Protein chains: 2
Amino acid sequence: MTTNTLVPVLAALGDETRWSILVALGESDASASALAGMLPITRQAIAKHLAVLQAVGLVASARRGRELRYRVLGSQLSETARKLEQIGADWDRRLVAIKRIAEEL
Amino acid sequence: MTTNTLVPVLAALGDETRWSILVALGESDASASALAGMLPITRQAIAKHLAVLQAVGLVASARRGRELRYRVLGSQLSETARKLEQIGADWDRRLVAIKRIAEEL
DNA sequence: GATTACTGCAACTCTAGGGTTGCAGTAATC
DNA sequence: GATTACTGCAACCCTAGAGTTGCAGTAATC
């Protein structure tokens, strides 16, 4: 559903450890325990990060037997990118307008 | 120069107060003191946020008489957006490939 | 049914950083 | 030259959250 509040998504993305998790999931779906075997932190810490990522729609989970497998959602990243692109373009547009006015003086 | 380490930029963008500042600067350049008149926090707090934003290339400053005027840099936002777009696309590509394999079974 | 992986919850530590106050420095204005 | 805005620095408070340990719950496997 990509529920977007923008800033929370960016806050979630502003953490190196969470990127380690996202990169790992980007290569292959995995459970919290499996991720704990790859990263230098505990499973519980990873579980918390996964909860954050899931809350902002960057990750989704599904039961697979007795384990909870997580997968990464590229759509949320794309949507966030589009919004940033939009805002940046707006700013540049204003600056260009100012420049034009300055040159006419 | 848009020096990009990506995660620090996203961390800088993951704060509501800093967005208030960016939005204000998006409408018009301003000094820290001027911003303090618009937002419900002190000038010093704003100065810290501006330092963070400047460190990651989202904002630039220039002396204008006795005040330091800040302006927003859309280019950094656009560049960040492009990187996110790229990564999201990569993830989706892998997921599409997996789906294809699954359907062939 | 006992054992073996998983997940889930709770309490706790510790640091980063968002915010504050207070004061010193410096450039315009009168 | 005195006053009046600005910026800059330092010390401090306080909370959010990243990480930990420990244990209970639950679903496979033997």
Side-chain angles (χ1 to χ4, degrees), chain A residues 5-25 27-73 76 80, chain B residues 5-25 27-73 76 80:
Chain A
T5 14
L6 220 226
V7 181
V9 178
L10 293 167
L13 291 174
D15 181 279
E16 299 279 2
T17 301
R18 278 195 284 269
W19 271 102
S20 308
I21 293 174
L22 288 174
V23 168
L25 290 180
E27 293 178 2
S28 158
D29 297 359
S31 66
S33 296
L35 289 168
M38 316 174 193
L39 301 175
I41 56 175
T42 59
R43 172 185 64 84
Q44 287 82 346
I46 290 175
K48 286 188 187 178
H49 285 302
L50 287 170
V52 172
L53 293 171
Q54 186 162 26
V56 298
L58 282 166
V59 130
S61 64
R63 278 229 121 79
R64 182 96 168 176
R66 70 179 159 189
E67 71 180 2
L68 238 197
R69 292 186 74 85
Y70 287 85
R71 70 175 188 281
V72 89
L73 297 181
Q76 175 64 295
T80 301
Chain B
T5 16
L6 221 223
V7 181
V9 178
L10 294 167
L13 291 173
D15 182 277
E16 300 279 1
T17 302
R18 277 195 286 269
W19 271 101
S20 307
I21 293 174
L22 288 174
V23 167
L25 290 180
E27 292 178 4
S28 157
D29 297 359
S31 66
S33 295
L35 289 167
M38 315 175 193
L39 302 176
I41 57 176
T42 58
R43 172 185 63 83
Q44 288 83 346
I46 290 176
K48 285 187 187 178
H49 285 304
L50 287 171
V52 171
L53 293 171
Q54 186 163 24
V56 299
L58 281 166
V59 131
S61 64
R63 279 229 119 79
R64 183 96 169 176
R66 70 180 160 190
E67 70 181 0
L68 238 197
R69 290 186 76 83
Y70 287 85
R71 70 174 188 281
V72 90
L73 299 179
Q76 176 64 294
T80 301

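The model shown is predicted, which means the values in this text are computed figures rather than measured ones. The sequence lines fix the lettering, A, B, ..., with proteins before strands; numbering per chain opens at 1.
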Between A:V59 and A:L22, does a side-chain contact (heavy atoms from CB on, under 4.5 Å) hold up when you go through it step by step? CA-CA 8 Å; A:V59 130; A:L22 288 174; 4.1 Å; yes
Would you sort out whether B:L6 and B:T80 count as a side-chain contact (heavy atoms from CB on, under 4.5 Å), showing the intermediate values? CA-CA 7 Å; B:L6 221 223; B:T80 301; 3.9 Å; yes
Is there a side-chain contact (heavy atoms from CB on, under 4.5 Å) between A:L25 and A:L35 once you walk through the steps? CA-CA 9 Å; A:L25 290 180; A:L35 289 168; 4.2 Å; yes
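Residues B:Y70 and B:I21 have side chains not in contact (no heavy-atom distance under 4.5 Å, counting atoms from C-beta outward).
In this structure, B:A47 reaches neither bases nor backbone, as no heavy-atom distance under 4.0 Å exists between it and the strands shown.
In this structure, the CG atom of A:L50 is 15 Å from the P atom of C:dC6, given to the nearest Å. We find that OH of A:Y70 is positioned 10 Å from C1' of C:dG8, with the value rounded to whole Å.
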Could you encode protein contacts along nucleotides 22-30 of chain C as a string, one character per nucleotide from 5' to 3', using B for base contact, S for sugar-phosphate-only contact and - for no contact, with a heavy-atom cut-off of under 4.0 Å? B----BB--
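For DNA chain C, the stems formed by at least three consecutive Watson-Crick or G-U pairs, with both atom-pair distances below 3.5 Å, span C:1-30 with D:1-30.
No side-chain donor-acceptor contact under 3.5 Å links A:E16 to the backbone of B:V7.
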Set out, line by line, the N/O atom pairs under 3.5 Å between protein and nucleotides 17-19 of chain C.
| unit_1 | atom_1 | unit_2 | atom_2 | d |
| --- | --- | --- | --- | --- |
| C:dG18 | OP2 | B:R18 | NH1 | 3.1 |
| C:dG19 | OP1 | B:T17 | OG1 | 3.3 |
| C:dG19 | OP2 | B:H49 | NE2 | 2.4 |
| C:dG19 | N7 | B:K48 | NZ | 3.0 |
| C:dG19 | O6 | B:K48 | NZ | 2.4 |

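Residues A:R18 and A:A11 share a closest heavy-atom pair of NH2-O, 3.5 Å. Among all heavy-atom pairs drawn from B:L50 and B:A32, the shortest one is CD1-CB, 4.0 Å. A:A30 approaches A:A34 most closely through the heavy-atom pair CB-CB, 4.1 Å.
With rounding to the nearest 0.5 Å, the separation of CZ in B:R69 from OG in B:S28 is 6.0 Å.
Not one side-chain nitrogen or oxygen of B:S31 sits closer than 4.0 Å to the OP1 or OP2 atom of D:dC6.
Side-chain contact of A:Q54 with A:S61: a donor-acceptor pair under 3.5 Å is present, judged by distance alone.
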